[in-house]
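One-based numbering, in listed order, for ligands and for the atoms of each.
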Amino acid sequence: MKKTIAVTTLGCKVNQFESASFITGFTDAGHEIVPFSGPADVYVINTCGVTARAGQQSRQLVRRAIRTNPEARIIVTGCYAQIAAEQLVEISDRQICIIGNGNKHLLVATALKKNLPELTMLTGNIGLQKEICRLPVRRFRGRTRCYLRIQDGCNNFCSYCIVPYSRGRSRSLPKAAVLEQGELFREQGYREMVITGINVGKYGLDLQEGQDIYSLLDALCCNFPDMRIRLSSIEPTEVNEQLLTTIAQHANFMPHLHIPLQSGDDRILARMNRRYTAEVFVGVIGKIAAAFPHAAIGCDVLAGFPGEDEAAAENTYRLLQGLPVSYLHVFPYSARPGTPAASMANQINGKIKNKRVRRLRRLDQEKRQSFYRRQLGTSHGVLVERRNNKNGLLQGFTENYIPVHFAGATSLIRQVVRVRFDEIKDKQPIAHLEKDQGKNEP
Ligand code: SF4
């Protein structure tokens with residue numbers, strides 16, 4: 001009998017990819033995907049545990065599903081389910097099924113099982129997981145760019161991070177399976193693949209000899225010349241000559257790198273168990289900017305880590321202020337039970353933390369605007385994603401990740417078109433279509 005299935009997802013691109021595979025599985029089995037806000041026979045909540053807030057949102061979504069249809073089957077998966085199954089079970093005394101990150105390939109079959117025991121727990125010890133779950137995806141609903149998950153887990157154990165405890169050790173999808181997934185996306189007409197994972201720089205180190213992130217990116221660019229290949233993020237320790245050479249060799253490798261910094265203070269970096277110094281980080285960014293002057297360089301930064309005094313916060317601010325980065329993703333430190341940092345002395349109070357976050361977010365705005373100004377008058381390929389509801393213009397990202405708006409026909413959506421970026425209006429990059437749109441480019 002056809003069932004109605006509602007899937008909702010919190011968190012990172014890897015979670016988004018995994019939910020897209022659940023939807024592929026349910027659709028292939030002949031079931032109907034319905035909005036999470038409405039009634040459904042089965043609710044799937046793909047949770048996130050990276051911050052206390054994400055954990056709270058995960059519990060709220062479970063309660064909402066139970067309220068919307070008390071008779072429905074509730075399937076909870078993802079990082080919060082992996083690390084806090086007890087808290088989820090306590091939410092309600094009715095049937096709930098918890099599936100850990102290592103068993104996501106069992107989710108669709110389990111959700112459709114005729115008889116499911118009152119309480120099903122398929123969490124297991126994620127730390128012992130050797131193989132990555134095989135989760136084929138056909139479609140990314142409502143998305144023009146698709147995420148291709150190539151790796152899961154992490155061995156780095158940064159002291160503030162819960163991910164190694166919720167996703168286990170680094171595990172890679174063999175190259176053949178990655179290219180197979182890429183082929184699925186090409187058949188679906190996607191023009192851009194965002195290569196993602198938890199720590200992509202460690203790709204292949206758990207596979208046979210000779211497989212690593214550099215050879216995989218090279219293979220993706222060669223096998224899909226008509227698609228844009230974008231890397232979601234990579235640790236500074238994996239940015240080297242080989243990566244820069246791979247980017248330089250392929251016109252379809254997007255000049256955009258997102259690199260977590262977290263802190264610009266060596267004492268704090270050591271407490272975070274990050275494996276580089278501020279000086280090394282400056283060197284990495286300098287190499288990228290020298291090799292690709294128009295590339296977008298994004299950075300993650302954490303404000304308010306335990307022990308971050310005014311001097312350390314200033315070191316982070318000054319370091320970023322002096323670097324040619326294009327944008328920042330700023331996060332307030334959130335203590336995660338079970339991580340070393342959560343029990344460290346000198347936890348920073350919320351008021352100081354938020355003041356530092358606001359200051360770094362102002363710097364983020366300055367960096368974005370100065371990057372846009374540096375790009376004025378340049379020509380770019382844009383993958384058109386949709387029409388903006390407010391200004392009615394088409395919008396999409398350039399190769400170097402500038403979110404441009406421009407006038408054009410709706411038929412251009414999902415196409416890559418050439419625009420000239422020639423104006424910044426209300427902090428928004430505005431462009432116009434270039435004449436000869438005949439040339440089909442990646
Ligand atoms: S590299 Fe560090 S921050 Fe990133 S997932 Fe691994 S442990 Fe977490």
Side-chain angles (χ1 to χ4, degrees), residues 10-18 46-55 78-80 82-84 100-102 104 126-127 129 132-133 147 149-173 194-206 212-213 231-240 243 257-266 268-278 280-281 284 298-308 316 328-344 360:
L10 292 175
C12 65
K13 293 185 176 72
V14 174
N15 244 17
Q16 307 285 339
F17 176 92
E18 293 164 343
N46 195 357
T47 64
C48 173
V50 82
T51 62
R53 175 111 182 80
C79 290
Y80 189 71
Q82 185 70 52
I83 58 173
N101 280 326
K104 279 178 165 172
I126 189 80
Q129 190 89 12
I132 191 170
C133 295
Y147 302 152
R149 180 209 64 165
I150 62 168
Q151 180 269 350
D152 195 356
C154 185
N155 306 351
N156 282 18
F157 288 92
C158 300
S159 62
Y160 53 83
C161 185
I162 197 68
V163 175
Y165 308 92
S166 63
R167 284 195 171 268
R169 298 295 74 69
S170 180
R171 311 178 300 286
S172 308
L173 189 66
V194 181
I195 310 307
T196 193
I198 297 299
N199 192 345
V200 294
K202 300 297 184 198
Y203 175 83
L205 304 185
D206 56 312
D212 61 22
I213 186 65
L231 192 56
S232 62
S233 80
I234 189 163
E235 289 290 315
T237 42
E238 268 77 46
V239 177
N240 55 24
L243 179 69
L257 288 176
H258 188 92
I259 305 171
L261 166 69
Q262 307 306 17
S263 172
D265 181 88
D266 287 349
I268 297 298
L269 284 171
R271 281 166 70 88
M272 287 176 165
N273 192 27
R274 301 287 287 169
R275 290 105 195 272
Y276 51 87
T277 61
V280 167
F281 192 86
V284 165
C299 285
D300 289 338
V301 57
L302 208 54
F305 183 82
E308 185 190 63
T316 299
L328 308 176
H329 286 171
V330 183
F331 306 95
Y333 167 74
S334 169
R336 303 311 290 133
T339 62
S343 51
M344 280 181 185
L360 285 165

(request) Begin with the C-alpha distance, continue with both residues' side-chain angles, and end with the deciding distance and a verdict on salt bridge (charged side-chain N to carboxylate O under 4.0 Å, His left out) for R171 and D152. (result) CA-CA 5 Å; R171 311 178 300 286; D152 195 356; 3.3 Å; yes
(request) Pull up every protein N/O/S atom sitting under 2.8 Å from atom 8 (Fe) of ligand 1, skipping waters. (result)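 Protein N, O or S atoms closer than 2.8 Å to atom 8 (Fe) of ligand 1: C161 SG.
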(request) Determine whether any heavy atom of R274 lies closer than 4.0 Å to an atom of ligand 1. (result)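 Per 4.0 Å heavy-atom rule, R274 contacts ligand 1.
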(request) Go through the side-chain N and O atoms of T277 and D266 and say whether any donor and acceptor fall under 3.5 Å apart. (result)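 No, no side-chain donor-acceptor contact under 3.5 Å.
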(request) State, without any angle test, whether R274 and Y276 hold a side-chain donor-acceptor pair at a distance under 3.5 Å. (result)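 Side-chain D/A pair, R274 to Y276: present.
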(message) Return the closest protein heavy atom for atom 4 (Fe) of ligand 1 as residue, atom name and distance.
(response) E235 OE2, 4.1 Å
(message) For a side chain to side chain contact (heavy atoms under 4.5 Å, CB included) check, start with the C-alpha distance between N46 and K104, then their side-chain angles and the critical distance, and finish with the verdict.
(response) CA-CA 10 Å; N46 195 357; K104 279 178 165 172; 3.2 Å; yes
(message) Within this structure, what is the CG-CG distance for the pair L261 and D300, rounded to the nearest 0.5 Å?
(response) 9.0 Å
(message) Can you tell me how far apart CG (N155) and CG (N199) are? Round to the nearest 0.5 Å.
(response) 8.0 Å
(message) I'd like to know if the side chain of R271 reaches the main chain of P306, judged simply by a donor and an acceptor atom lying under 3.5 Å from each other, with no hydrogens or angles considered.
(response) yes
